[in-house]
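Worksheet: one structure, shown below.
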Amino acid sequence: MTDAKVIPFDDDRARRRGRGAGRPAPGSAAPAAEPVRERREPGPEVVAPRGEAGPDADGEADRDAGVGGRGSEPGVLDRLLGDGWDRRAADGLSFLRRRLTGDYPVDDFGYDADLTEQVLMSLLRPVYEKYFRVDVRGVEHLPEEGAALVVANHSGTLPWDGLMLQVAVHDHHPADRHLRLLAADLVFALPVVGELARKAGHTLACAQDAQQLLSRGELVGVMPEGFKGIGKPFADRYKLQRFGRGGFVSTALRAGAPIVPCSIVGAEEIYPMVGNAKTLARLLGVPYFPLTPTFPWLGPLGAVPLPTKWTIQFGEPIPTDGYAPEAADDPMLMFNLTDQVRETIQRTLYHLLVQRRSVFF
């Protein structure tokens, strides 16, 4: 018997090629039989138009067209929009629906958690991550739940350090906790700024508000230097000013909340304050009017902060729950605890400055 010939499935393609690998040349030995393929049941065959890939073309045509098929790579649209774009779009539409219907909570301080989470944090996060490139350390010292008073140094002419501290706590804490900052009266007297500060969870720097927040188990932040710290000249950078009368210690003692010292490096150089126009400050009703190498000489452009490299370090908490209730009225105890917190922050600042390679890197 003559040897059986193996006819390729795509015989038209074989005929166009002429004598190819699939047909033996005359006079040559027949090739070894190919492995037996799975028998297909006869039926209609889908033929792709000339020049187009068929369904067995390993998804190459689908990938070229940007269509995501089974087993194919992400399409062009997916690559442009990134992973999870549909989820982000759904979250955005859900946020708009809540704002239009008023279906979102606001506490008695004016704190709008939905707006803070979806809008304010999203606006601050690129500044935090890309511009100041904040390095956070010691976040494990913040409690998983319950009240604590975070005490930090204050600097930078404008209060960028408070905003960056708020982002640091929220984005690095395992429970995504929000920091409720205590701010000066001037913040809430400013148009737009005061309303946004309320919605972001800030409140007046008074013992009553702080006590109420701590009693609810909130993380509360305070910068005891106040305007003395934020408006000090560049020559006194990273030298802590007076911490007031220790009112924050009394508040923590009454609530039994631990005090967490916090040191911030990098904010002092964003607006190097080389002078203070005191007469102009009195006319405007502000604590100081800064003069920097760029402001007011460059106009609005001079208000852009320098892109310094920041470090925020949380220290070990100082417990207060072991003291008797009447300890909050002991001036000597308050003085000692205030001095302990201040010295801890100052020592950490010097340590971080020694480790820092550059102001900008």
* Asked: Looking only at atom types and distance, does a side-chain atom of Thr251 sit under 3.5 Å from a main-chain N or O of Gly247, one as donor and one as acceptor?
  -> yes
* Please tell me if the side chains of Leu182 and Thr203 come closer than 4.5 Å, counting only heavy atoms from C-beta onward. => yes
* To do: Following the transitive rule for hydrophobic clusters with a side-chain heavy-atom cut-off under 4.5 Å over Ile, Leu, Val, Met, Phe, Trp and Tyr, establish whether Tyr131 and Leu301 coincide in one cluster.
  => yes
* Asked: Minimum heavy-atom separation for Pro287 to Leu186, with atom names?
  -> CD-CD2, 3.7 Å
* **Pairs involving residues 173-198, ordered by first then second residue, that meet ring pair (Phe, Tyr, Trp, His ring centres under 6.0 Å) (sequence neighbours left out)** => Tyr111-His178, His170-His178
* State the CG-CZ distance between Leu142 and Arg177, to the nearest 0.5 angstrom. => 8.0 Å
* Flag the pair Asp135 and Arg133 as a salt bridge only when some basic side-chain nitrogen lies within less than 4.0 angstrom of an acidic carboxylate oxygen. => no
* Asked: Under the 3.5 angstrom rule, does the side chain of Thr308 hit a backbone N or O of Gly266 as a donor-acceptor pair?
  -> yes
* To do: Could you grab the distance from atom CG of Leu219 to atom CZ of Arg180, nearest 0.5 Å is fine?
  => 10.5 Å
* Asked: With side chains defined as the heavy atoms from C-beta onward, is the minimum distance between Pro174 and Glu144 less than 4.5 Å?
  -> yes
* Asked: With respect to Met164, which candidate in Ile264, Val169, Leu124 satisfies the side chain to side chain contact (heavy atoms under 4.5 Å, CB included) definition?
  -> Leu124
* Asked: Is the backbone N or O of Thr292 less than 3.5 Å from a side-chain atom of Trp297, with the two atoms forming a donor-acceptor pair by type?
  -> yes
* How long is the gap from CG on Asp176 to CG on Asp171, to the nearest 0.5 Å? -> 7.5 Å
* Taking the six-membered ring of Tyr128, is NZ or CZ of Arg125 closer than 6.0 Å to its centre and within 45° of its axis? -> no
* Connected hydrophobic set around Leu306, excluding itself, where side chains approach under 4.5 Å -> Val359, Phe360, Phe361
* To do: Mind checking the CG-CZ spacing from Leu115 to Arg98? Nearest 0.5 Å is all I need.
  => 10.5 Å
* Only pairs at least two apart or in different chains count here, so list each ring pair (Phe, Tyr, Trp, His ring centres under 6.0 Å) that has a residue in residues 303-359. => Phe132-Trp310
* **Pro233 vs Val274 side-chain heavy atoms within contact, under 4.5 Å** => no
* **Donor-acceptor contact below 3.5 Å, side chain Gln118 vs main chain Gly92** => no
* Carefully, step by step, assess Glu129 and Val167 under the rule side chain to side chain contact (heavy atoms under 4.5 Å, CB included). => CA-CA 10 Å; Glu129 294 178 349; Val167 179; over 6 Å; no
* Check whether any side-chain heavy atom of Leu181 lies under 4.5 Å from a side-chain heavy atom of Val220, and answer yes or no. => no
* Asked: Less than 4.5 Å apart, any side-chain heavy atom of Asn336 and any of Met332?
  -> yes
* Would you mind reporting whether Leu190 and Val192 have side-chain heavy atoms less than 4.5 Å apart? => no
* Structure fact -> Shortest non-hydrogen pair, Thr116 vs Ala200, comes out as OG1-CA, 3.4 Å
* Asked: Counting heavy atoms not belonging to Glu117, are there more than 12 under 6.0 Å from its CD?
  -> yes
* Any ring pair (Phe, Tyr, Trp, His ring centres under 6.0 Å) involving residues 236-289? Give me the pairs, sequence neighbours left out, ordered by first then second residue. => Phe289-Phe295
* Asked: If every non-hydrogen atom of Pro159 is compared with every non-hydrogen atom of Ile230, which pair is closest and at what distance?
  -> N-CD1, 3.4 Å
* Transitive ILVMFWY side-chain link Leu149 to Leu333, under 4.5 Å -> yes
* Pairing of Asp114 and Lys199 as salt bridge, 4.0 angstrom limit -> no
* For Val341 and Thr344, run side chain to side chain contact (heavy atoms under 4.5 Å, CB included): C-alpha distance rounded to whole Å, both residues' side-chain angles, the deciding distance at 0.1 Å, then the answer. => CA-CA 5 Å; Val341 174; Thr344 300; 5.8 Å; no
* Asked: Mind checking whether Met273 and Leu349 sit in one hydrophobic cluster, side chains of I, L, V, M, F, W, Y counted as touching below 4.5 Å?
  -> no
* Give a yes or no on whether the backbone of Ala257 and the side-chain of Thr320 come within a donor-acceptor separation of less than 3.5 Å. => yes
* Look at the side-chain heavy atoms of Ile, Leu, Val, Met, Phe, Trp and Tyr, link any pair under 4.5 Å apart, and say whether Ile259 and Leu165 land in one connected group. => no
* In terms of heavy-atom contacts, does CZ of Arg356 have more than 12 from other residues, nucleotides or ligands at under 6.0 Å? -> yes
* Verdict with reasoning, Lys228 to His154, per side chain to side chain contact (heavy atoms under 4.5 Å, CB included) -> CA-CA 9 Å; Lys228 299 188 300 296; His154 206 12; over 6 Å; no
* Asked: How long is the span from the CZ atom in Arg198 to the CG atom in Asp107, to the nearest 0.5 Å?
  -> 9.5 Å
* Indicate the atoms forming the closest heavy-atom contact of Pro258 with Pro317, along with that distance. => CB-CB, 4.1 Å
* Asked: Arg97 versus Leu100: any side-chain heavy-atom pair under 4.5 Å?
  -> no
* **Reported CG-to-CG distance for the pair Asn153 and Asp161, which is rounded to 0.5 angstrom** => 7.0 Å
* Structure fact -> Between Ala147 and Leu214, the two heavy atoms sitting closest are CB-O, 3.2 Å
* Asked: Any idea which heavy atoms bring Leu179 and Gly221 closest together, and the distance?
  -> CD1-N, 3.6 Å
* Residues in side-chain contact (heavy atoms from CB on, under 4.5 Å) with Lys232, at least two apart? -> Ser155, Glu225, Asp236, Gln241, Glu268
* If you count the non-hydrogen atoms of other residues, nucleotides and ligands that lie under 6.0 Å from CD in Gln208, is the total more than 12? -> no
* Hydrophobic cluster partners of Leu283 (side-chain heavy atoms under 4.5 Å) -> none
* Asked: Could you walk me through whether Val260 and Val151 pass the side chain to side chain contact (heavy atoms under 4.5 Å, CB included) check?
  -> CA-CA 6 Å; Val260 181; Val151 182; over 6 Å; no
* Does His202 reach the side chain of Leu163, with side-chain heavy atoms less than 4.5 Å apart? -> yes
* Taking the side chain from Thr338 and the backbone from Met334, do they hold a donor-acceptor pair closer than 3.5 Å? -> yes
